[in-house]
Protein chains: 2
Amino acid sequence: MPTASTRSTPSPTGLQCRMALLGADVRLTPHRREVFEVLASSTDHPTATDVFDRVKARTPSISLATVYNCLEHLTSAGLIKQVHLERGQSRYCANLHEHVHFHCETCGKVIDAHPAADFDPAKFWVLPKGTKVTRMDIAIHGTCDACAAKS
Amino acid sequence: MPTASTRSTPSPTGLQCRMALLGADVRLTPHRREVFEVLASSTDHPTATDVFDRVKARTPSISLATVYNCLEHLTSAGLIKQVHLERGQSRYCANLHEHVHFHCETCGKVIDAHPAADFDPAKFWVLPKGTKVTRMDIAIHGTCDACAAKS
DNA sequence: ATGTAAAATTAGAATCATTCCAATTCTAAT
DNA sequence: ATTAGAATTGGAATGATTCTAATTTTACAT
Ligand SMILES: [Mn+2]
Ligand SMILES: [Mn+2]
Ligand SMILES: [Zn+2]
Ligand SMILES: [Zn+2]
């Protein structure tokens with residue numbers, strides 16, 4: 001008869017699926033789980049302190065240093081993505097599908113934008129022969145629907 | 001007969017042409033000229049302290065605060081561009097042609113990459129109806145020709 | 001030329017996201 | 001139960017950038 005200490009986790013989390021899928025090996029501590037859960041249930045690309053505040057609601061003892069640490073480990077394992085806009089604080093994103101970020105310069109909202117079906121990015125810019133491209137970082141700036149409507 | 005203090009500037013600088021072209025109005029102080037000259041003769045996207053060091057060679061009395069100030073004024077007049085790569089220090093670029101930046105992750109070099117002739121960026125990502133795009137920020141990461149050859 | 005107000009320049013202090021550090025606590029395997 | 005390695009913690013350190021308040025320079029009117 002399973003006791004509290006031996007019961008298995010309630011259900012495979014998105015995190016576990018993700019780890020299996022990616023063959024990532026990070027120790028899955030309770031804190032890292034919490035940080036991931038917060039991020040996976042956010043669509044607004046929170047900063048480290050945003051994540052800190054949200055995790056704190058459920059785990060008041062966690063420290064900001066640990067949040068930074070968790071975000072760093074989850075990121076380098078490829079389980080989440082770090083997002084940079086201009087020189088603002090780093091934001092984090094749990095969406096692993098190929099996508100870019102739209103930033104509304106009026107309200108500050110950051111939303112995901114996915115590439116159209118027929119999109120091959122590498123061929124649109126002229127690079128010196130021999131250059132190897134590994135990754136592109138694309139941010140689109142403008143005004144979101146709601147803000148555009150207001151003006 | 002023109003004296004040293006009244007003689008006109010030797011020749012229209014790139015900066016003056018640029019100002020006329022853009023209808024920009026910034027006071028053209030000697031420091032701002034120097035900062036612009038340094039940038040216009042660089043292809044490596046120097047940081048503020050890089051610019052500081054280079055200007056200092058010709059004008060040893062200039063301060064870092066002034067360099068930041070000049071870069072800020074030139075940027076907001078649209079005479080130069082500020083460049084952001086990940087969370088590194090801001091870099092600056094005097095190339096006003098539409099272009100993106102290639103960053104070699106091995107040697108750190110940053111080079112300009114211009115769009116292919118038939119390029120219309122706005123249509124490649126799916127954005128919510130009503131979104132207005134004003135600008136895109138694109139960085140390409142990888143290995144430059146020289147570094148790729150070495151490995 | 002001289003005086004005046006606005007703008008530029010300066011050194012140094014302040015800011016603030018992030019990283020580092022050293023001490024403590026937790027975890028997993030023996 | 002021991003023990004080594006990893007995670008967590010609070011607080012200090014870092015470093016690019018911005019701010020401040022004093023000084024100097026500039027543009028313009030007298
Ligand atoms: Mn995203
Ligand atoms: Mn450039
Ligand atoms: Zn908006
Ligand atoms: Zn290189």
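This structure is a prediction, so every number in the text was calculated from the model and none was measured.
The distance from atom CG of B/L28 to atom P of C/dT9 is 11 Å, rounded to the nearest whole Å. Spacing between atom NE2 of A/H84 and atom P of D/dA16 amounts to 16 Å, rounded to whole angstrom units. One can place CD1 of A/I62 at 17 Å from P of C/dT25, the figure rounded to the nearest angstrom. The interatomic distance linking B/Y92 (OH) with D/dA16 (P) rounds to 12 Å, in whole Å. Note: CG (A/N69) to C1' (C/dC26) measures 14 Å, nearest angstrom. Between A/D50 atom CG and C/dT18 atom C1' there is a gap of 15 Å when expressed in whole angstrom units. Distance, A/R32 CZ to D/dT8 C1': 10 Å, rounded to whole Å. If you take NZ of A/K56 and P of D/dG10, they are 9 Å apart, rounded to a whole angstrom.
The only member of A/R54, A/K109, A/R91 that meets salt bridge (Lys or Arg N to Asp or Glu O under 4.0 Å) when paired with A/D44 is A/R54.
For A/T49, no side-chain nitrogen or oxygen approaches OP1 or OP2 of C/dA17 to under 4.0 Å. Not one side-chain nitrogen or oxygen of B/R87 sits closer than 4.0 Å to the OP1 or OP2 atom of C/dA17. Taking 4.0 angstrom as the limit, B/H31 places none of its side-chain polar atoms (N or O) nearer than this to OP1 or OP2 of C/dA8. For the pair A/T47 and C/dA17, the criterion of a side-chain N or O lying under 4.0 Å from OP1 or OP2 is not met.
Closest approach to the B/A65 side chain among D/dT8, D/dG11, C/dA11 is made by C/dA11 (side chain taken as heavy atoms from C-beta onward). The nucleotide whose nearest atom lies closest to any side-chain atom of A/S61 is, among D/dT9, C/dT18, C/dT10, D/dT9. Of the candidates D/dT8, C/dT10, C/dA17, C/dA17 carries the atom nearest the A/Q89 side chain, counting heavy atoms from C-beta on. Each of C/dA17, D/dT17, C/dT9 was ranked by its minimum atom distance to the side chain of B/L64; first place goes to D/dT17. With distances taken from any side-chain atom of B/H73 to the nucleotides C/dA17, C/dA8, D/dT9, the minimum falls on C/dA8. The side chain of A/Y68 approaches C/dA17 more closely than any other nucleotide in the set C/dA17, D/dA7, D/dT17. Among the nucleotides C/dA17, D/dT26, C/dT9, the one closest to any side-chain atom of B/R27 is D/dT26.
Along DNA chain D, the nucleotide closest to B/G88 and the one closest to A/P30 are compared, and the more 5′ of them pairs with A/P30.
A donor and an acceptor atom, one from each side chain of B/T66 and B/N69, are nowhere located under 3.5 Å apart.
In this pair, B/H103 and B/H141 present their aromatic rings perpendicular. The plane angle is above 60°, beyond the 30 to 60° band. Ring orientation note: the planes of B/H114 and B/H99 are tilted relative to one another, at an angle of 30° to 60°.
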* Pairing string, 5' to 3', for DNA chain C - Watson-Crick or wobble contacts under 3.5 Å, brackets [ ] where pairs cross, | to another strand -> ||||||||||||||||||||||||||||||
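Using modelled atom types, no side-chain atom of A/T59 and backbone atom of A/K56 make a donor-acceptor pair closer than 3.5 Å.
As judged by a 4.0 angstrom heavy-atom cut-off over every strand, B/T66 is placed among the base-contacting residues. Residue contacts for A/S90: at a heavy-atom cut-off of 4.0 Å it reaches the sugar-phosphate backbone alone, with no base atom in range.
Note on A/E105 versus B/R135: salt bridge recorded, some NZ/NE/NH1/NH2 to OD/OE distance being below 4.0 Å.
When the side chains of ILVMFWY residues are joined at heavy-atom separations under 4.5 Å, either directly or via intervening members, B/L39 and B/L21 end up in two distinct hydrophobic clusters.
Ring-centre distance between B/H101 and B/H45: below the 6.0 Å cut-off.
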